[in-house]
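When a ligand or atom number is given, it counts from 1 through the structure's own listing order. Just so it is clear, the model here is predicted, and its values are computed rather than measured.
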Amino acid sequence: MTDTPKHHDVEEATLLVEAGRRAEWTSGIVNVPVYRASTCVFNSYEELQERTAAPSARHLFYARKGTPTQWALEDAITDISDGEGTMLYPSGVAALAGAMLACVDAGDHILIPDSVFDPTRSIADNFLTRFDISASYYDPRIGANIDALMQPNTKLVMTESPGSVTFEIQDIPAIAAVAHKHGAKVITDNTWATPIYFKPLDHGADISVEAVTKYIGGHSDIMMGAAVANKATFKRLQRAAFAMGQLVSPDDASLALRGIRTLAMRLKHHQENALELARWLEGHDLVHAVLQPALESHPDHALFKRDFKGSSGLFSIVMKGGRYEDTAAMIDDMRLFKIGYSWGGYESLILPSDPAPYRTVTPWTSTGPVLRIHAGLEDIKDLILDMDAGLERYRKQIA
Ligand SMILES: *Cc1c(COP(=O)(O)O)cnc(C)c1O
């Protein structure tokens with residue numbers, strides 16, 4: 001964690017207001033306008049030559065390379081992530097795929113934590129294998145012992161902290177030190193913490209991936225991903241993204257910029273609600289465990305305290321007994337906790353999520369079903385009432 005951010009001389013809350021709002025782009029209004037564009041027209045042969053020579057500079061060339069609307073979002077994400085530059089993608093998964101493809105060549109090997117977001121597994125196992133790129137999985141709590149798994153052709157170590165559904169915290173500085181010693185790059189999927197609560201590039205990662213779809217968008221109305229790279233990695237990332245024609249619509253970029261302005265405030269409230277709900281659930285007799293790294297009871301709490309500035313609103317609970325089918329009695333009639341994929345919007349969600357089928361090196365065994373919970377921005381009293389009633393329905397179901 002740096003006390004003196006590289007990109008700015010103001011506090012983070014101020015930066016969230018200022019980021020990306022270059023005067024030449026806003027030209028007298030507060031927000032960067034939505035530039036809907038394909039063709040950009042040049043004033044002369046000379047200007048055509050100039051811009052064609054440097055198509056990725058921050059001037060209009062052809063809208064596939066962006067307009068001020070996307071550039072403002074890229075700059076804002078770069079600034080709050082202490083990065084060198086950001087590329088935008090039409091989804092978080094596209095950002096993961098774009099970042100991974102930027103780091104590997106045919107014949108390379110990738111290390112991936114066993115707690116990884118399932119589609120990341122899919123990119124490696126069902127797509128990169130076609131280019132003779134292999135992947136193997138490691139215990140997310142491995143830390144510096146990852147050294148023993150590094151192969152001569154290991155060129156990329158994926159990290160995600162906390163892990164999807166199961167919430168293991170990874171020692172990213174220790175893993176990055178080993179990876180770099182072997183000449184491998186490190187990507188961190190930072191969707192859970194967002195750059196507000198964790199800045200992977202300050203802890204040794206080379207690329208930080210954000211599903212903008214989640215907290216940065218914040219209102220469950222856009223799909224988008226971002227990959228932010230450090231100085232040594234940005235050119236590679238940019239070349240790969242341009243080669244594959246990745247871009248996002250200016251309308252979506254504008255919504256994501258709007259999300260950034262309130263990101264810290266929203267997260268603070270998500271955190272408060274999540275912790276109160278998690279503590280309440282921890283005391284419930286039907287709940288075997290609460291998987292939330294900000295709780296003192298979490299096995300990785302010390303690591304969390306060392307590296308993270310706060311917690312977002314997503315965590316899981318492990319039920320004491322019952323089967324996945326039994327959770328229907330609990331979730332079908334909830335008033336506020338909606339059943340749905342994704343998270344990071346203003347609303348609360350609940351989702352039965354069995355980690356067992358995805359684990360390949362660290363088997364998952366538990367006393368009962370796992371439910372993933374997103375604490376939204378509702379009043380905590382209403383959320384607890386809704387959860388309490390749901391748990392009583394579950395009690396009847398499994399009795
Ligand atoms: C949702 C999610 C993504 C992917 O984002 P999409 O925009 O849905 O593609 C990536 N990583 C994590 C950890 C996620 O939860």
Within the supplied structure, the quantity of interest is the number of heavy atoms (other residues, nucleotides, ligands) at a distance under 6.0 Å from Y358 OH; does it exceed 12?
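At most 12 heavy atoms, drawn from other residues, nucleotides or ligands, come within 6.0 Å of this atom.
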What I want to know is whether [X] and ligand 1 share at least one N or O pair that is separated by under 3.5 angstrom.
X	answer
D189	yes
E160	no
T213	yes
G92	yes
V93	yes

Measure the distances from the heavy atoms of Y341 to every atom of ligand 1 and state whether one is below 4.0 angstrom.
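Heavy atoms of Y341 never come under 4.0 Å of ligand 1.
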As a check for students: among E210, M223, K214, identify the option with a heavy atom nearest to atom 2 (C) of ligand 1.
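Answer by nearest heavy atom: K214.
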Using only atom types and a distance under 3.5 Å, with no angle test, would you say the side chain of H219 pairs donor to acceptor with the backbone of G345?
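No.
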If we ignore hydrogens and angles and just use 3.5 Å, is the side chain of T129 paired with the main-chain N or O of D125 as donor and acceptor?
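Checked: pair present.
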What atoms of ligand 1 come within less than 4.0 Å of a heavy atom belonging to [X]?
X	answer
T191	11 (N), 12 (C), 13 (C)
S91	7 (O), 9 (O)
W343	15 (O)

If the condition is ring pair (Phe, Tyr, Trp, His ring centres under 6.0 Å), which residues does F131 pass it with, not counting sequence neighbours?
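Ring pair (Phe, Tyr, Trp, His ring centres under 6.0 Å) list for F131, sorted by chain: F127.
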Relative to each other, are the rings of F42 and F61 parallel, tilted or perpendicular (30° and 60° limits)?
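Ring orientation of F42 relative to F61: tilted.
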Of the backbone atoms (N, CA, C, O) and the side-chain heavy atoms from C-beta on, which set of W192 has a member under 4.0 Å from an atom of ligand 1: side chain, backbone, both, or neither?
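Within the 4.0 Å criterion, W192 makes no contact with ligand 1.
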Please determine whether a side-chain nitrogen of the Lys or Arg among R335 and E378 lies less than 4.0 Å from a carboxylate oxygen of the Asp or Glu.
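No salt bridge links R335 with E378.
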Between F308 and F198 (judged by ring centroids, cut-off 6.0 Å), do the two rings come close enough to count as a pair?
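F308 vs F198: aromatic centres under 6.0 Å.
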Aromatic contact between Y215 and H374, with the criterion being ring centroids under 6.0 Å apart: yes or no?
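Between H374 and Y215, which both carry aromatic rings, the centre distance is below 6.0 Å.
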For atom 10 (C) of ligand 1, what is the closest protein heavy atom, and at what distance to 0.1 Å?
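Here the closest protein heavy atom is F117 CE2, 3.3 Å.
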